[in-house]
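First up is the structure itself, then whatever we jot down about it.
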Amino acid sequence: MSDKKVRVRFAPSPTGGLHLGGVRTVLYNYLFAKKHGGDFILRIEDTDQTRFVPGAEAYIFDCLKWAGLEPDESVQHGGDVGPYRQSERKELYRNYADQLVAEGHAYYAFDTPEELEQMRQQFKTPENPTPQYDHTIRMKMRNSLTLDGDTVHELMHSDTPYVIRIKMPENETISFNDMIRGEVSVNTSLIDDKVLLKADGMPTYHLAVVVDDHLMQISHAFRGEEWLPSAPVHVLLWKYLFGLDRMPEWAHFPLILGPNGKLSKRDGAQYGFPVFAMNWTDPKTGDLVEGFKEKGFLPEAFINVLAVLGWNDGTEQEIFSLEEMVEKFSIDRVHSAGAKFDYEKARWFNHEWIKRSSAERLLPLVRAVLTQHNVEVNDEEALKKVIDLVKDRCTLLTDFYEQANYFFQMPGLVDLAPVQPKWNEAKAVFFQEVIRNYQLASVWNSDELERNFKEMAAANQLKPGEVMLPLRIMLVGGKFGPGVFEIAEIIGREETVKRIEQTLKMLQS
Ligand code: GLU
């Protein structure tokens with residue numbers, strides 16, 4: 001690695017929900033920055049005003065906050081090389097575009113949308129069904145290469161809209177090193193004359209990304225593989241504008257694959273798993289797409305899943321905390337092949353993380369789940385005990401409702417089916433005795449309650465197995481949950497007795 005300070009960036013266009021591939025790009029950038037004592041910058045790439053979506057920028061920040069991947073510099077965090085929103089940097093790009101024109105690397109183009117469409121029709125062939133504005137065509141269009149100087153001057157000083165296009169050299173090879181893929185070479189004849197500055201004066205992504213990576217002193221530009229085809233254009237712009245001086249090192253992360261190729265929002269809907277970090281509501285349609293957060297994922301698990309989707313540390317280890325990832329991460333170990341997202345595996349990670357998390361850590365999250373179901377818990381200590389007791393049974397945070405609600409309220413539904421067929425008078429008598437015994441018990445703890453219960457069962461010639469299940473149904477409402485006497489200890493004497501009495505009545509009627 002070179003000696004320049006590590007500065008990386010995540011540069012989203014705020015156009016909708018934040019896909020898990022986007023969060024993985026954030027994560028790898030973040031890990032690399034932290035590992036090398038560098039800065040992680042978040043730049044909002046909002047130069048395409050037709051794609052502006054209200055709320056999308058704030059949503060991105062919320063997702064990063066939830067994931068624990070806070071930038072060092074951004075619109076919200078400030079920094080020395082702002083503004084960090086490209087729409088606020090509009091004035092800055094024009095000079096660079098003009099410089100490119102002056103040096104013969106770009107030109108003004110006046111073609112109307114109709115003329116462009118006509119060009120596509122005219123030059124369409126079976127081998128080339130979608131002709132591009134490139135070196136084979138540019139001299140047949142209306143631009144500053146084909147028009148005389150006076151006409152160009154006149155057009156530029158009239159209301160005629162125009163764009164600035166890069167003049168792609170013919171038949172040159174552009175090579176650059178990708179930290180994951182090695183040397184990448186592309187022939188320039190294959191690339192069209194991309195628009196750099198649009199008619200509204202805004203730069204396109206290609207110009208803005210290069211100018212900003214330069215001005216923001218970005219040392220490494222890491223992004224998704226979908227940007228690999230744009231990289232040669234960026235390298236060329238770096239060469240023309242800055243003589244390649246301090247060009248960032250590049251790395252393009254592999255695609256995240258779903259069940260059928262590239263993972264898409266539709267896969268999520270079809271297979272019932274989230275693809276966005278957090279719930280996203282499309283402001284136009286009102287459609288809500290569920291996020292990992294709301295589905296019940298811990299952020300620790302979510303980023304762990306993303307970390308190992310395309311990277312490993314060279315051992316069999318799968319569970320990593322953020323600190324460990326920072327320590328062990330390296331771009332060399334990011335794979336170049338697409339990584340398949342496996343939702344069942346993601347659930348496994350979440351289960352592991354719930355098991356490993358302290359009751360203290362889980363407390364506010366579990367409380368929020370219960371509150372959503374109108375179960376308010378005031379006794380924090382009791383809730384912590386419950387969390388420790390049931391967390392092994394929860395794959396998603398949302399499972400805590402089913403696993404914990406009955407500690408704080410009567411079971412909503414008591415399923416008598418497992419006990420009814422074998423219910424008899426002897427058992428009814430036995431449970432009356434349990435009620436009397438428990439009402440008088442001097443010590444209320446699970447060991448004591450279990451001992452008393454078993455003694456009484458023996459005295460009544462009942463096997464513990466015959467009466468334990470009814471007790472569980474009485475206290476929990478179904479055949480699930482942790483140790484039944486531990487449940488009794490936590491819900492307390494009054495509630496235990498009340499639940500036994502209530503179920504007895506139901507069984508007698
Ligand atoms: N604005 C691009 C995006 O939305 C950024 C690509 C890059 O990082 O260069 O993904």
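We count ligands from 1, going down the list as the structure has it; atoms in each ligand are counted the same way.
- Under a 4.0 Å criterion applied to the non-hydrogen atoms of S13, ligand 1 contributes the atoms 1 (N), 4 (O).
- Only the side chain of W227 comes within 4.0 Å of ligand 1, counting heavy atoms alone; its backbone N, CA, C and O stay farther away.
- Atom NZ of K167 has 12 or fewer neighbouring heavy atoms from other residues, nucleotides or ligands inside a 6.0 Å radius.
- Using a 4.0 Å cut-off to heavy atoms of E45, the atoms of ligand 1 that qualify are 1 (N), 2 (C), 5 (C).
- Among the atoms of A11, some N or O lies under 3.5 angstrom from an N or O of ligand 1.
- Checked against a 6.0 Å centroid threshold, the rings of Y162 and Y108 count as neighbours.
- What sits closest to atom 6 (C) of ligand 1 on the protein, heavy atoms only, is Y205 OH, 3.2 Å.
- For N128 and T125, the side-chain atoms include no donor-acceptor pair closer than 3.5 Å.
- Taking the six-membered ring for Trp and thresholds of 30 and 60 degrees, F297 and Y343 have ring planes inclined between 30 and 60 degrees apart.
- Defined by atom type and a distance below 3.5 Å, a donor-acceptor pair is missing between the side-chain atoms of Y205 and E45.
- Near V209, the atoms of ligand 1 lying under 4.0 angstrom from a non-hydrogen atom of the residue are 9 (O).
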Please step through side-chain contact (heavy atoms from CB on, under 4.5 Å) for the pair M168 and R138, ending with a clear verdict. CA-CA 10 Å; M168 266 292 162; R138 70 167 80 102; 4.1 Å; yes

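- Each of the atoms 7 (C), 8 (O), 9 (O) of ligand 1 lies under 4.0 Å from some heavy atom of R9.
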